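Reading through the structure tokens given below for one structure.
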Amino acid sequence: MPELAEVEYYRKQWLPALNQTVTSVHLNSDKRVFRGLDCAALKQNLVHEKFIESLVHGKQLCLRFGDSHWLGVHLGMTGRMQVLQAGELPAKHDHLIIRMDSNLSLVFSDARMFGRILYSNHYLQPDWWAHRPPEILSPEYNFERVDAYFNRRTKSPVKAVLLVQEFFPGVGNWMADEILWRSRILPFRKCGKINMRERIELYKRIREVSEDAIRVIGSDWGRPPENWLFNHRWKSGGICPQTGKPLSRAKVGGRTSCWSPSWQS
DNA sequence: CTATTTGTTTATCC
DNA sequence: AGGATAAACAAATA
């Protein structure tokens with residue numbers, strides 16, 4: 001389920017082991033989450049290194065060890081991160097276990113294995129961390145960028161474009177539906193047909209939903225207020241919190257989308 | 001047994 | 001060349 005705020009929530013789960021040192025790394029290199037990775041290098045080189053920094057950018061996590069070890073974690077659809085106390089045993093889908101000198105263990109789990117582990121041992125930033133688009137809540141993000149993104153995808157449904165990570169880092173399926181619902185714009189509208197007033201509204205709601213998600217979910221995975229679309233969109237039979245009328249669901253841009261026909265146009 | 005899932009990559013067509 | 005679309009990946013859940 002990880003989007004912007006859920007990824008931040010999971011980043012925090014490893015913080016109890018910050019400034020501790022790796023004693024061993026356990027993994028099964030056959031698992032799909034390690035595709036393309038030099039698992040032997042990860043297992044050997046991370047030992048004796050200190051966990052010094054924990055960063056997040058959109059849905060991408062970057063964990064730094066020592067002065068040249070970069071561990072990337074992408075949570076995919078069902079990825080999770082947690083810390084195991086001494087004596088606690090790994091579970092079925094725990095694919096990467098990093099034991100620390102405190103006897104805590106950092107654990108990455110992922111049932112569906114759409115997630116991915118990345119690793120680089122170099123003083124310079126690896127490509128997967130160096131090449132990042134501006135984050136939605138950063139100072140360099142602005143309306144002109146968003147306007148330009150829509151102009152590059154004029155024939156795509158706006159829902160599909162909101163899911164492009166290069167444009168809207170961290171936005172996932174529920175955030176995109178929430179943004180469109182708050183902007184009162186239907187998900188299948190083509191970007192080229194969205195006028196300036198609507199684009200300005202979308203830009204504001206993109207930032208608003210990102211802030212709200214971080215505040216409500218990113219800290220302790222709290223349940224969002226009932227006046228968000230969030231709590232009503234998951235199952236069919238949901239009701240629009242604005243109009244009290246039924247919500248609609250259908251695939252838009254390849255993803256199940258939920259909208260309120262009595263509210264969005 | 002069938003259909004569905006909060007994500008990304010790859011192939012293919014335009 | 002770049003945009004648009006669908007399939008593939010894998011396991012749990014309803």
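What you see is a predicted model, and the numbers here were worked out from it, not measured in a lab. Chain A is the first sequence line, chain B the second, and so forth, proteins listed ahead of strands; every chain is numbered from 1. These values consider heavy atoms only, across backbone and side chains, with no hydrogens, waters or symmetry-generated copies.
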Inset, instruction - Looking only at side-chain atoms of A/Lys59, point me to the closest of C/dA4, C/dA11, B/dG7. - result: B/dG7
Inset, instruction - Just call it for A/Gly254: base, sugar-phosphate, or nothing, with non-hydrogen atoms closer than 4.0 Å on any strand. - result: nothing
Legend entry - Ring centroids of A/Phe114 and B/dT8 base under 5.5 Å with planes under 30°: no
Legend entry - Over 12 foreign heavy atoms within 6.0 Å of CZ, A/Arg99: no
Inset, instruction - Mind checking A/Lys190 for me? I need base, sugar-phosphate or nothing, with any heavy atom below 4.0 Å counting as a touch. - result: nothing
Legend entry - A/His26 atom NE2, over 12 foreign heavy atoms within 6.0 Å: yes
Legend entry - Span that lies between the C1' atom of C/dA12 and that of B/dT9, in whole angstrom: 22 Å
Legend entry - A/Ser156, nearest nucleotide to its side chain (from C/dA11, C/dA4, B/dT5): C/dA4
Legend entry - Donor/acceptor link under 3.5 angstrom from A/Arg112 side chain onto base of B/dT5: yes
Inset, instruction - Look at all strands and tell whether A/Arg255 reaches a base, only sugar-phosphate, or nothing, counting heavy atoms closer than 4.0 Å. - result: base
Inset, instruction - Would you tell me whether A/Thr21 and A/Lys50 have side-chain atoms, one donor and one acceptor, within less than 3.5 Å of each other? - result: no
Inset, instruction - Name the nucleic acid region contacted by A/Lys31, choosing base, sugar-phosphate or nothing; use a 4.0 angstrom heavy-atom cut-off, strictly under. - result: nothing
